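Since the structure is predicted, the reported quantities are computational estimates derived from the model, not experimental observations. Basis for what follows: all heavy atoms, side chains included, without hydrogens, waters or symmetry-related copies.
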Amino acid sequence: MKKLFAVLLSAMLLLAMAACGEQPQTPDDTHEPAVLHMATEGTFPPYEYYDNGQLVGIDIEVAGAIAEKLGMTLETTDIAFDSIIPGVQAGKYDIGMAGVTVSEDRLQQVNFSDSYATGVQVVIVKEGGKVQSLDDMADAIIGTQSGTTGFIYASGDFGDDHVKSFTKTTDAVEALKNGQVDCVLLDNAPAEALVDANPDAGLSILETAYTVEDYAIAINKENTDLQAKINAALAELVADGTLQSIIDKYIK
């Protein structure tokens with residue numbers, strides 16, 4: 001009889017909880033924060049690079065700040081630069097950040113956030129080398145990183161025969177040091193970092209910039225909701241000074 005009473009009491013309690021809209025606690029009721037999957041390319045200092053085995057840089061911190069604003073956790077994947085846009089387009093990654101410039105070709109594949117930084121395309125040359133001004137590039141072999149706007153500019157302005165592309169910017173600079181290319185076209189901030197990293201190689205950056213462009217975050221075209229949320233988060237990071245403080249931390 002006691003057992004029957006206990007069973008009936010338990011049933012009544014469950015019915016009362018259901019009537020009040022309450023459910024028994026189960027493991028499925030505890031949710032981990034959603035993950036923001038980011039594709040990047042880790043040889044583009046100061047935007048993304050490795051420090052003691054850890055991926056750091058402007059893009060990493062900006063993405064982390066955005067994820068925090070959205071109540072998400074950031075997960076980064078280091079891949080080849082020219083795989084970032086296709087990966088975001090295919091939905092493999094939520095966003096792509098690696099000093100990515102907005103271009104007409106890329107706009108056919110993905111959407112972009114508002115701009116969060118300005119990039120300047122510059123030319124690294126070697127002391128005594130063939131290229132000592134922008135005018136000298138017409139007859140030169142130009143090193144670039146594959147898939148970048150530097151590659152697009154160089155091949156469009158001088159022809160594919162005058163361009164050698166490399167998987168990493170560090171490889172392009174090594175090619176310049178070894179005489180395989182006459183100059184390297186890339187963004188100013190990583191160019192400065194690469195020149196500083198090779199103090200005995202006789203490398204320098206031409207004073208005249210090649211062009212100026214804006215960096216933005218690549219987002220899948222179907223994910224307009226994420227695009228709107230990222231733009232709102234970026235606006236907050238600009239307003240409260242967080243974005244500028246991150247940039248100032250890496251670019252003096």
Side-chain angles (χ1 to χ4, degrees), residues 34-50 55-64 66-67 70 72-119 121 142-160 163-173 175 184-187 189-191 210-211 213-231 233-234:
V35 175
L36 183 67
H37 296 272
M38 169 182 164
T40 190
E41 195 276 311
T43 63
F44 195 69
Y47 289 90
E48 38 270 310
Y49 62 99
Y50 284 92
L55 197 57
V56 298
I58 293 172
D59 286 347
I60 308 303
E61 292 205 26
V62 171
I66 290 171
L70 301 183
M72 306 174 75
T73 59
L74 180 68
E75 180 179 290
T76 59
T77 302
D78 185 0
I79 60 175
F81 183 85
D82 55 6
S83 297
I84 293 175
I85 297 297
V88 173
Q89 182 183 24
K92 189 173 181 180
Y93 312 103
D94 297 316
I95 62 173
M97 292 181 73
V100 180
T101 305
V102 181
S103 69
E104 290 301 321
D105 287 343
R106 289 172 180 164
L107 282 169
Q108 300 300 313
Q109 304 172 70
V110 295
N111 287 338
F112 281 95
S113 70
D114 296 332
S115 175
Y116 65 91
T118 299
Q121 289 283 320
I142 305 164
T144 67
Q145 184 180 24
S146 58
T148 63
T149 49
F151 171 80
I152 295 170
Y153 292 137
S155 58
D157 293 344
F158 304 106
D160 291 341
V163 182
K164 290 189 70 171
S165 63
F166 300 86
T167 303
K168 301 178 180 179
T169 53
T170 48
D171 294 339
V173 170
V184 175
L185 178 61
L186 75 166
D187 298 69
Y210 195 86
T211 191
E213 54 195 11
D214 291 324
Y215 294 155
I217 303 168
I219 306 163
N220 186 281
K221 277 187 171 292
E222 295 181 1
N223 205 343
T224 54
D225 181 59
L226 180 61
Q227 181 184 22
K229 289 179 179 178
I230 285 176
N231 281 337
L234 275 174

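Within the 3.5 Å criterion, the main-chain N or O of Ile152 finds no donor-acceptor partner in the side chain of Thr149. Listed for the Lys168 side chain is no donor-acceptor partner under 3.5 Å among the backbone atoms of Phe81. Under a 3.5 Å cut-off, the side chain of Asp78 and the backbone N or O of Gly42 do form a donor-acceptor pair. Here the side chain of Asn220 pairs a donor or acceptor atom with the backbone of Val88 at under 3.5 angstrom. Although no hydrogens or angles enter the test, the distance criterion places a donor-acceptor pair under 3.5 Å between the side chain of Asn231 and the main chain of Asp114.
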As a quick check of understanding, evaluate side-chain hydrogen bond (donor to acceptor under 3.5 Å, both in side chains) for Thr43 and Glu41, giving each step before the final call. CA-CA 6 Å; Thr43 63; Glu41 195 276 311; 2.6 Å; yes

Between Leu234 and Ile217, is the side-chain contact (heavy atoms from CB on, under 4.5 Å) condition met? List the steps. CA-CA 10 Å; Leu234 275 174; Ile217 303 168; 4.3 Å; yes

Derivation and outcome, side-chain hydrogen bond (donor to acceptor under 3.5 Å, both in side chains), residues Asp187 and Gln121: CA-CA 4 Å; Asp187 298 69; Gln121 289 283 320; 3.1 Å; yes

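Between the CE atom in Met72 and the NE2 atom in His37 there is a gap of 7.5 Å [rounded to 0.5 Å]. Put simply, OG1 on Thr76 and OH on Tyr93 are 11.0 Å apart, with the number rounded to the nearest 0.5 Å. Considering CG of Leu70 and OG1 of Thr73, their distance stands at 11.0 Å, rounded to 0.5 Å. The structure places OG1 of Thr118 at 9.5 Å from CD of Glu213, a figure rounded to the nearest 0.5 Å.
The shortest side-chain heavy-atom distance between Ile230 and Ser113 falls under the 4.5 Å cut-off. Put simply, the side chain of Met38 reaches to within 4.5 Å of the side chain of Asp59, judged on heavy atoms. Two residues are said to be in side-chain contact when any heavy atoms from C-beta on lie closer than 4.5 Å; Gln145 and Asp171 fail this criterion. You'll find the side chain of Leu185 stays beyond 4.5 Å of the side chain of Thr148, heavy atoms only. Between Phe166 and Val173 the shortest side-chain heavy-atom distance does not fall below 4.5 Å. With a 4.5 Å cut-off on side-chain heavy atoms, Thr224 and Asn111 count as touching. Taking the side chain as every heavy atom from C-beta outward, Ile66 and Lys229 never approach each other to under 4.5 Å.
Closest approach of Met97 to Glu48, counting heavy atoms only: O-OE1, 3.2 Å. Taking all atoms of both residues into account, the shortest heavy-atom contact from Thr101 to Phe112 is O-CZ, 4.1 Å. Residues Thr144 and Ala154 approach most closely at CG2-CB, 4.1 Å, considering heavy atoms. In terms of heavy atoms, Val184 sits closest to Ala172 at CG2-O, 3.5 Å. Between Phe151 and Gly147, the shortest heavy-atom distance links the atoms CB-N, 4.4 Å. Heavy-atom minimum distance, Leu107 versus Lys221: O-NZ, 2.9 Å.
Aromatic pair Tyr47/Tyr215: ring centres closer than 6.0 Å.
More than 12 heavy-atom neighbours from other residues, nucleotides or ligands sit within 6.0 angstrom of CD on Glu75.
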